[in-house]
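Side-chain atoms are counted along with the backbone in the values below, which use heavy atoms only and exclude waters and symmetry mates. In this text the structure is predicted, and so the values were computed from the model without any measurement. Read the numbers this way: they start at 1 and go in the same order the structure lists the ligands and their atoms.
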Amino acid sequence: MSKSFDVAVIGAGPGGYVAAIRCAQLGLNTVCIDEWENSKGKISLGGTCLNVGCIPSKALLESSENYFRAIHKFPAHGIKAEGISVDVPLMIARKDKIVTTFTSGIAALFRKNKVTSMHGKGTILKREKNEKTWQIEISNKKAAEKIQSKYVIIATGSTPRQLSFAPIDNEKILDNVGALALTEIPERLGVIGAGVIGLEMGSVWRRFGAEVSILEAMPEFLMAADEQVAKEAYKIFRKEPGLSIQTNIKIKSVKHNKKNVVVEYSDSSSELQKLEVNKLIVAVGRVPNTAGLGSEVIDLKIDDRGCIVVDEFCRTNLTNIYAVGDVVRGPMLAHKASEEGVAVAETILGIESGSNVTHKVDFNVIPWVIYTSPEIAWVGKTEQELKAAGTPYKAGQFPFIANGRARALGETAGFVKVLADEATDRILGVHMIGPYVSELISEAVVAMEFAASSEDIARIIHAHPSLSEVLHEAALNADGRALHI
Ligand code: FAD
Ligand code: NAI
């Protein structure tokens with residue numbers, strides 16, 4: 001007799017493991033299945049985010065920022081630091097330790113919450129119309145086992161989009177996995193795609209002195225961001241020594257030998273351009289991962305971009321099967337995946353308890369952060385979206401250069417912009433580029449979640465001197481009454 005569960009979660013990334021913990025907290029007998037394994041062949045929970053995404057990339061960004069500060073920013077403080085060097089394998093080992101601390105931490109959370117963890121690929125099997133449960137086969141190198149479950153939550157995440165002319169070998173041509181595991185600083189690094197990964201990974205290796213060239217197909221830069229923020233970022237990044245960003249290019253070929261990678265591309269000039277680098281990162285987006293899930297056999301509906309089709313409650317076309325995170329529509333962000341996981345767990349409890357209370361995630365208040373230097377963060381609508389929708393709005397802006405804390409930090413680039421409804425003053429969007437805006441954006445998210453007006457933020461007392469005063473002043477300025485400019 002196969003093991004039986006209330007809920008089977010396939011995938012233990014931030015969507016899946018959070019869904020599993022919440023289901024278990026709500027009293028549902030839950031199993032979480034994942035195939036990811038570490039170099040020792042053991043299960044490694046946490047998905048892309050913990051293993052090869054958010055956490056390791058931020059660990060390296062911090063190391064590189066420290067190195068960069070010591071060399072380029074300490075002198076302005078009168079601090080002399082000579083003979084600074086970086087031990088790249090040690091830095092990578094630090095990053096790996098942070099990853100294993102967190103991946104084993106999830107295993108501990110599973111034990112604490114009584115979530116059953118199973119290691120292997122989960123494939124949903126076809127069922128007859130009268131069957132009440134779903135059967136899932138879990139197969140790994142050692143064995144295959146079948147379990148049954150009333151509900152299934154698919155949280156199988158995404159994988160890097162490949163370019164046929166630049167196959168990833170993680171030696172010369174790297175995806176995020178290879179980019180996070182370099183053992184030495186490349187002298188010259190190429191990046192295809194000036195998106196989030198390209199900019200973050202490019203930043204890491206540039207700060208260590210690599211000559212970084214980013215090639216972007218689109219004429220514009222950071223299309224999802226507010227245009228003014230994207231323009232400011234472009235202006236700042238273009239001035240960075242050792243960093244070149246070219247937009248509006250078309251890659252013609254990528255060839256490599258043992259030593260170098262040669263990229264041929266066209267730009268606005270009539271001549272074919274050539275870029276020769278030691279390593280090339282390909283970061284041209286990610287695609288939903290449904291490989292081996294059994295989606296064709298069970299007739300799971302998938303759209304033409306490869307996303308599992310779900311409604312606002314993450315319900316698929318199949319009874320009691322839900323899907324969350326990168327494998328469905330919406331931004332590919334860890335916190336969005338986790339919130340969908342929680343919402344689905346609570347929706348399932350609603351059905352089981354007979355209350356039928358459903359939960360959904362409000363996409364309008366999902367914050368975005370890009371961990372470049374300066375950082376970029378936003379929530380809500382961009383100015384171009386408001387214009388396109390014909391929404392009358394007012395804007396208040398304030399620069400970091402006029403803020404005492406930013407001056408003390410020596411990080412004065414950028415600004416905060418608050419967009420509020422012209423008639424009601426309700427905040428519609430907040431856009432930031434500057435120091436630690438990854439942390440500052442939370443105040444804006446809370447404000448929007450509580451339907452605050454720009455006047456609400458303007459009336460709140462902000463500590464002095466703090467970076468949060470920039471948001472305060474921007475909110476004041478939505479009413480034309482900033483105090484310090
Ligand atoms: P994933 O994290 O991809 O997890 C899916 C899991 O499912 C994997 O563990 C996989 O092994 C498993 N799986 C797949 N198919 C099966 C199967 N059939 N059977 C069993 N297991 C299966 N987002 C942020 O919000 N902030 C950041 O700073 C950030 N930085 C990033 C940096 C990089 C370099 C990358 C690549 C991504 C980053 N992201 C960031 C995006 C973030 O990692 C994803 O949005 C997030 O991991 C999605 O979570 P998920 O649970 O949907 O999927
Ligand atoms: P992306 O969608 O952010 O950017 C990809 C870029 O590549 C785009 O600008 C696109 O125009 C460009 N591109 C596509 N094809 C190209 C080609 N042939 N030649 C040149 N340029 C081309 O995707 P990315 O950077 O791979 O990241 C994937 C996702 O991971 C992000 O969208 C984000 O959701 C998530 N992520 C989030 C982070 C964060 O929250 N800080 C950090 C890293 C990733």
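- Heavy-atom proximity to atom 25 (O) of ligand 2, evaluated over Ile281, Ile197, Val287, is greatest for Ile197.
- Between the side chains of Asp226 and Thr382, no donor N or O sits under 3.5 Å from an acceptor N or O.
- Between Tyr234 and the choices Glu232, Lys231, Arg238, the side chain to side chain donor-acceptor pair (under 3.5 Å) rule is met once, by Arg238.
- Judged purely by distance below 3.5 Å, without hydrogens or angles, the side chains of Glu216 and Thr247 never pair a donor atom with an acceptor atom.
- The shell of residues lying under 4.0 angstrom from ligand 1, judged by heavy atoms, includes Val52.
- With 3.5 Å as the limit, one finds a donor-acceptor pair spanning the side chains of Gln148 and Ser2.
- For Ala217, a nitrogen or oxygen atom sits less than 3.5 Å from a nitrogen or oxygen atom of ligand 2, counting backbone and side chain alike.
- Taking the centre of each ring, Phe208 and Tyr67 come in below the 6.0 Å mark.
- Remark: the Gln246 side chain and the Tyr265 side chain contain an N/O donor-acceptor pair separated by less than 3.5 Å.
- Residue-level proximity to ligand 2 for Lys250 is absent, since no heavy atom of it falls below 4.0 angstrom.
- Under a cut-off of 6.0 angstrom, the local environment of CD in Glu184 is sparse, with at most 12 non-hydrogen atoms contributed by other residues, nucleotides or ligands.
- Close approach of ligand 1 to Cys49 (heavy-atom distance below 4.0 Å) involves ligand atoms 2 (O), 43 (O), 47 (O).
- Taking any N or O of Met218, backbone or side chain, none lies under 3.5 Å from an N or O belonging to ligand 2.
- Note: Arg329 CZ to Cys307 SG = 9.0 Å, rounded to the nearest 0.5 Å.
- By the criterion of a heavy-atom distance under 4.0 Å, the side chain of Ile10, and not its backbone, is placed next to ligand 1.
- At least one N/O-N/O distance between Gly285 and ligand 2 falls below 3.5 Å.
- Residue contacts with ligand 2 for Met223 are absent, since no atom lies close enough (heavy atoms, distance under 4.0 Å).
- Atoms CD1 and CG, from Ile281 and Asp175 in turn, are 9.5 Å apart once rounded to the nearest 0.5 Å.
- Those atoms of ligand 1 with a heavy atom of Ala155 less than 4.0 angstrom away are 5 (C), 6 (C), 7 (O).
- The contact set between ligand 2 and Arg161, taken as ligand atoms under 4.0 Å from a residue heavy atom, comprises 14 (C), 15 (N).
- Using a 4.0 Å cut-off to heavy atoms of Val369, the atoms of ligand 2 that qualify are 39 (C), 40 (O), 41 (N).
- The N/O atoms of Arg286, backbone and side chain alike, include none that comes under 3.5 Å of an N/O atom in ligand 2.
- Within ligand 1, counting atoms from 1 as listed, the ones closer than 4.0 Å to a heavy atom of Ala337 are 49 (O), 52 (O).
- Less than 4.0 angstrom separates some heavy atom of Gly325 from each of these atoms of ligand 1: 52 (O).
- Defined by atom type and a distance below 3.5 Å, a donor-acceptor pair is missing between the side-chain atoms of Lys121 and Asn140.
- Remark: ligand 2 atoms within the under-4.0 Å shell around heavy atoms of Ile192 are 19 (N), 20 (C).
- Side-chain atoms of Glu37 and Ser44 form no donor-acceptor pair, as typed in the model, at a separation below 3.5 Å.
- At a heavy-atom distance under 4.0 Å, only side-chain atoms of Asn176, from C-beta outward, approach ligand 1.
- Per-residue contacts place Asn289 under 4.0 angstrom from the following atoms of ligand 1 (heavy atoms of the residue considered): 14 (C), 15 (N).
- Less than 4.0 angstrom separates some heavy atom of Ser57 from each of these atoms of ligand 1: 32 (C).
- In this structure, OG1 on Thr48 lies 4.5 Å from CH2 on Trp36, to the nearest 0.5 angstrom.
- For the 3.5 Å distance criterion, the side chains of Glu276 and Asn260 qualify, holding a donor opposite an acceptor.
- Contact annotation for Thr156 and ligand 1: heavy atoms of both the backbone and the side chain come within less than 4.0 Å of the ligand.
- Per-residue contacts place Leu333 under 4.0 angstrom from the following atoms of ligand 2 (heavy atoms of the residue considered): 40 (O).
- Atoms of ligand 1 found under 4.0 Å from any heavy atom of Tyr371 (numbered from 1 in listed order, with element): 28 (O).
- Residue Lys58 approaches ligand 1 through these ligand atoms, each under 4.0 Å from one of its heavy atoms: 27 (C), 28 (O), 29 (C), 30 (N).
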